Each structure stands twice: as C-alpha cells, then as structure tokens.
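First comes the structure, then the notes that go with it.
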Amino acid sequence: MATTSSLQQYGRVPASINLHRKQQHSLSNCSSRVSVMAGNRNFMLLQGFIKNNKVSKRRSTAGLVVKCGGMGLGDFIGGDLVKFDIGQWLSDVEEHKALAIYPPHEGGYEGRYLNRLIRQGYYFLDLSARGLGDPETTLTKVHPVCPAHLGKQPIARWYFPPEVDFRLEHLPPDAKGLVVWIIEAKVLSKAELQFLALLPTLRPNVRVVAECGNWRKLVWKPLKEIAGLTAEGA
C-alpha cells in the first residue's frame with residue numbers, strides 16, 4: 001500500500017494496478033447482479049410451487065377417494081413366503097414321488113421347499129434339461145460325453161457312470177433318498193417327461209422334481225399328469 005501511495009504522489013501508477021482495480025469493480029457488479037437474479041428466480045420458483053400446491057390440494061379434495069382394499073400380509077412380505085403349505089409339499093413328494101413345479105418368474109420361492117427336503121434328509125442332484133441329452137441314458141446307464149475340442153485337440157469320447165446310480169451308491173447311511181431336481185424341464189419332450197415320472201418306480205430311493213414352467217405363484221402337480229400317464233399305466 002505504501003508503494004502504491006508513493007507512486008500516486010509522483011503520478012506514476014502502473015497500468016497493471018488500474019486494470020486490477022477495474023476487474024475487481026466489474027466482478028463485484030456482476031456478483032451483485034447474479035445474486036439479484038438468483039433471488040428473483042428463487043422467489044418466482046417459490047411462488048410457482050405455492051400456486052401448484054394450492055391447485056393440487058383443491059384437486060385432491062374434489063371428490064377423489066382412494067381405497068386400499070383386499071391387502072394382506074402377503075402384500076408386504078411377498079408371494080409364497082407366507083403360505084403354510086410345507087406339510088402338503090412334503091406329503092405330495094412322498095405320495096407322488098415325481099412332481100412338476102411352476103415357480104414364479106422372479107425365482108427364489110422354490111428355495112424354501114428345497115431346504116425343507118434337505119432337512120428331511122434328502123440329497124440333491126441338480127441338472128439342467130438343456131444339454132441333458134437322453135434322460136434314460138444319462139441318469140441310469142453308462143453314457144459317452146464328447147468334450148469340446150476347440151478345433152485344436154483331437155475329438156475324444158469319455159464315458160461316465162450313470163448319474164443317479166453313482167450317487168445312490170455313495171449316499172450316507174442316514175440319507176433318506178436322492179432328489180433329482182431338473183430346471184428348465186419345459187424343453188423336454190413328452191416321452192422324456194414320462195421317463196422322469198417313472199424313474200422313482202425304477203429307483204425307489206429317488207424323487208424327481210421338474211421345473212416345467214412358470215406361474216404367478218408356486219404351484220405343483222404330479223408329473224404323471226403332465227406327462228399323460230395315469231396311476232394304472234404306471
């Protein structure tokens with residue numbers, strides 16, 4: 001400051017100092033204008049909000065009635081989580097021995113039915129119907145498998161033991177049985193579904209659960225009905 005005052009006395013103020021003062025003055029003017037504009041804008045927005053709010057209040061009270069009827073505990077917890085049908089599920093598995101289930105599209109509901117079978121002492125063989133091949137050959141006979149050679153290795157053929165028989169032989173002594181759980185069973189033909197329905201008859205310790213489609217809530221039916229078999233034909 002002393003240097004600036006001394007320069008002013010002698011009339012030799014540098015141009016940079018004058019330019020700096022002009023920039024500060026212009027910036028202060030711009031900031032004041034922006035603050036005024038922002039204040040006006042906020043005021044206008046506040047007026048519009050109050051006006052719209054008053055209109056919405058008038059519209060909401062113009063004879064509009066909202067009723068919430070038919071709601072239950074399932075609307076807050078979700079789906080089959082509150083259905084008390086585990087006992088029916090276990091009895092149907094023991095009675096029919098082969099079931100076709102239709103879980104919801106979002107999935108997850110069938111897990112608690114699977115866990116209850118695990119608690120009963122069952123072991124599981126999870127398979128996908130896509131790429132399964134012939135169910136009779138894959139599950140009950142020695143079957144060949146050709147691994148992917150990727151165009152570099154020679155084409156080979158490996159032989160695997162029957163999937164069901166191999167696991168039945170290695171079940172623990174306290175196991176209740178083996179559950180063959182097949183997903184995407186909707187792609188199977190009617191003849192293949194008929195074999196799956198008859199598999200518990202060929203292997204008494206085997207239970208079959210096939211996911212044959214989807215429904216808005218989890219339901220199941222005897223697989224013999226889906227495959228077109230009757231109790232007499234079994």
Side-chain angles (χ1 to χ4, degrees), residues 72 74 77-141 143 162-172 174-234:
I77 298 179
D80 295 345
L81 296 179
V82 295
K83 288 185 64 178
F84 304 99
D85 56 355
I86 290 293
Q88 184 65 33
W89 162 259
L90 296 176
S91 62
D92 287 344
V93 169
E94 296 298 334
E95 178 182 358
H96 302 290
K97 296 181 174 56
L99 296 179
I101 67 170
Y102 299 84
H105 288 277
E106 59 269 21
Y109 297 107
E110 63 273 14
R112 70 188 193 100
Y113 297 91
L114 184 147
N115 291 333
R116 185 53 64 94
L117 290 176
I118 293 177
R119 295 176 185 176
Q120 295 295 319
Y122 282 101
Y123 285 75
F124 278 77
L125 171 61
D126 298 322
L127 296 173
S128 175
R130 299 184 185 274
L132 181 62
D134 181 25
E136 180 179 3
T137 303
T138 304
L139 299 179
T140 61
K141 299 178 181 179
H143 55 282
E163 298 291 344
V164 170
D165 296 338
F166 177 77
R167 285 164 175 78
L168 286 176
E169 294 175 358
H170 294 83
L171 284 179
D174 57 345
K176 192 172 183 179
L178 178 68
V179 176
V180 180
W181 194 291
I182 301 178
I183 64 174
E184 298 178 331
K186 59 185 177 182
V187 302
L188 297 178
S189 64
K190 191 172 183 179
E192 292 171 339
L193 291 176
Q194 290 177 355
F195 170 78
L196 293 176
L198 297 176
L199 182 59
T201 305
L202 303 176
R203 304 291 188 272
N205 292 332
V206 173
R207 305 291 182 264
V208 177
V209 178
E211 297 184 14
C212 295
N214 300 101
W215 193 244
R216 56 184 178 174
K217 61 179 181 179
L218 194 144
V219 296
W220 60 84
K221 297 180 180 179
L223 189 57
K224 292 182 179 180
E225 295 182 6
I226 305 301
L229 297 176
T230 59
E232 292 79 9

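All of these numbers come straight from a predicted model, not from anything done at the bench.
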**OP:** Give, for atom NZ of Lys221 and atom CG of Leu223, the distance between the pair rounded to the nearest 0.5 Å.
**Re:** 12.0 Å
Original post:
Considering only heavy atoms from C-beta outward, does the side chain of Arg112 approach that of Arg116 to under 4.5 Å?
Top reply: no
Original post:
Rounded to the nearest 0.5 Å, how far apart are CG of Leu171 and CZ of Phe166?
Top reply: 11.0 Å
Original post:
Checking salt bridge (Lys or Arg N to Asp or Glu O under 4.0 Å) for the pair Arg207/Asp92: CA distance, chi angles, key distance, verdict?
Top reply: CA-CA 11 Å; Arg207 305 291 182 264; Asp92 287 344; over 6 Å; no
Original post:
Between atom CZ of Arg130 and atom CG of Leu127, what is the distance when rounded to the nearest 0.5 Å?
Top reply: 14.5 Å
Original post:
Mind checking whether Leu218 and Asp85 have side chains closer than 4.5 Å, heavy atoms only?
Top reply: no
Original post:
Atom CD in Gln88, atom CD in Glu95: separation rounded to 0.5 Å?
Top reply: 8.5 Å
Original post:
Closest approach of Tyr123 and Pro172, non-hydrogen atoms and distance?
Top reply: OH-CG, 3.3 Å
Subject >> Heavy-atom closest contact (Pro162 atom, Leu139 atom, distance) >> reply: CB-O, 3.5 Å
**OP:** Please report the closest heavy-atom contact between Pro200 and Lys97, naming both atoms and the distance.
**Re:** CG-O, 3.4 Å
Original post:
Which of parallel (below 30°), tilted (30 to 60°) and perpendicular (above 60°) describes Trp181 and Phe124?
Top reply: tilted
Original post:
Looking only at heavy atoms, which two atoms of Asn214 and Tyr102 are closest? And how far apart?
Top reply: N-CD2, 4.0 Å
Original post:
How would you list, by chain and number, every residue that makes a side-chain hydrogen bond (donor to acceptor under 3.5 Å, both in side chains) with Tyr122, sequence neighbours excluded?
Top reply: Glu94
Original post:
Under the criterion side-chain contact (heavy atoms from CB on, under 4.5 Å), which of Thr138, Leu202, Leu178 is the partner of Val164?
Top reply: Leu178
Subject >> side-chain contact (heavy atoms from CB on, under 4.5 Å) between Phe195 and Leu188, intermediate numbers included >> reply: CA-CA 11 Å; Phe195 170 78; Leu188 297 178; over 6 Å; no
Original post:
Are any side-chain N or O atoms of Glu184 and backbone N or O atoms of Ala129, one a donor and one an acceptor, separated by less than 3.5 Å?
Top reply: no
Original post:
Checking Glu192 side chain against Ser189 main chain: does a donor-acceptor pair fall under 3.5 Å?
Top reply: yes
Subject >> From Asn115 atom CG to Glu110 atom CD, the distance as rounded to the nearest 0.5 Å >> reply: 10.5 Å
Subject >> Taking every non-hydrogen atom, the tightest pair across Pro135 and Leu132 >> reply: CG-CD2, 4.1 Å
Subject >> Beyond-backbone contact of Leu99 with Val93, side-chain heavy atoms, under 4.5 angstrom >> reply: yes
Original post:
Among Ile226, Val209, Ile182, whose side-chain contact (heavy atoms from CB on, under 4.5 Å) with Leu196 holds?
Top reply: Ile182
Original post:
salt bridge (Lys or Arg N to Asp or Glu O under 4.0 Å): which pairs involve residues 193-204, sequence neighbours left out?
Top reply: Asp165-Arg203
Subject >> Minimum-distance pair of heavy atoms, taken over all atoms of Ala185 and Cys212 >> reply: CB-SG, 4.1 Å
